[in-house]
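As a basis for the values below, the full set of heavy atoms in this structure was taken, side chains included, without hydrogen atoms, waters or symmetry mates. These numbers come from a predicted model, not from an experiment.
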Amino acid sequence: MSNEKVTKPTIETVLERLVSFEERMDTKFNSLEERFDLNLGTLEERLNARIDGVDAKIDRLDIRFDRLETVVNATRGDILELRADIREVRTQFREHFPATP
């Protein structure tokens with residue numbers, strides 16, 4: 001019985017320490033969770049801003065590619081016309097200056 005009296009306060013002390021430890025851990029976890037939520041919100045805002053910036057750049061590139069496509073199509077028509085003119089000049093040249101044997 002004397003052992004029981006000696007160990008009881010020790011068990012109660014251990015339990016009190018465990019409860020105290022649990023409370024401190026809860027406080028720390030809550031603090032970490034709040035910081036994590038805050039940082040996650042900030043990170044999300046920064047990522048959204050970066051994504052919006054990339055979207056804007058892609059939109060500007062689309063506009064530039066559309067303009068480039070218009071120029072290329074116009075130039076292609078000019079090149080085809082130029083090639084036809086060169087064939088005509090070549091034909092006329094051969095008619096005026098036949099190959100001599």
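Side-chain atoms of Ser31 never come within 3.5 Å of backbone atoms of Thr27 as a donor-acceptor pair (strictly under, hydrogens ignored). At least one donor-acceptor pair closer than 3.5 Å links the side chain of Thr91 to the backbone N or O of Arg87.
Distance CD/Glu33 to CG/Asp26: 10.5 Å, rounded to 0.5 Å. Between the CG atom of Asp52 and the NZ atom of Lys57 there is a distance of 12.5 Å, given to the nearest 0.5 Å. Taken to the nearest 0.5 Å, the CZ atom of Arg64 stands 12.0 Å off from the CG atom of Asp62. For the atom pair CG (Leu47) and CG (Leu43), the distance works out to 4.5 Å, reported to the nearest 0.5 Å. Within the model, atoms CG of Leu15 and CD of Glu12 stand 7.5 Å from one another, a figure rounded to the nearest 0.5 Å. Expressed to the nearest 0.5 Å, how far CG of Asp78 lies from CG of Asn73 amounts to 11.0 Å.
Placement of Leu68 and Ile79 in two distinct hydrophobic clusters is found when ILVMFWY residues are connected by side-chain heavy-atom separations under 4.5 Å, directly or transitively. Connection of Phe65 to Ile58 is not established within any shared hydrophobic cluster, with ILVMFWY side chains joined at heavy-atom distances below 4.5 Å, either directly or through further cluster members. Linking ILVMFWY residues whenever their side-chain heavy atoms come closer than 4.5 Å, directly or via other members, leaves Val72 and Leu80 in distinct clusters.
A 4.5 Å side-chain heavy-atom check between Asn48 and Glu44 finds at least one atom pair inside the cut-off.
No side-chain N or O of Arg17 forms a donor-acceptor pair with one of Thr13 less than 3.5 Å apart.
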Residues Arg24, Ser20; criterion side chain to side chain donor-acceptor pair (under 3.5 Å); working and verdict: CA-CA 6 Å; Arg24 287 193 317 266; Ser20 173; 3.0 Å; yes
Step-by-step side-chain contact (heavy atoms from CB on, under 4.5 Å) determination, Arg90 to Ile86: CA-CA 6 Å; Arg90 187 182 300 154; Ile86 289 172; 4.0 Å; yes
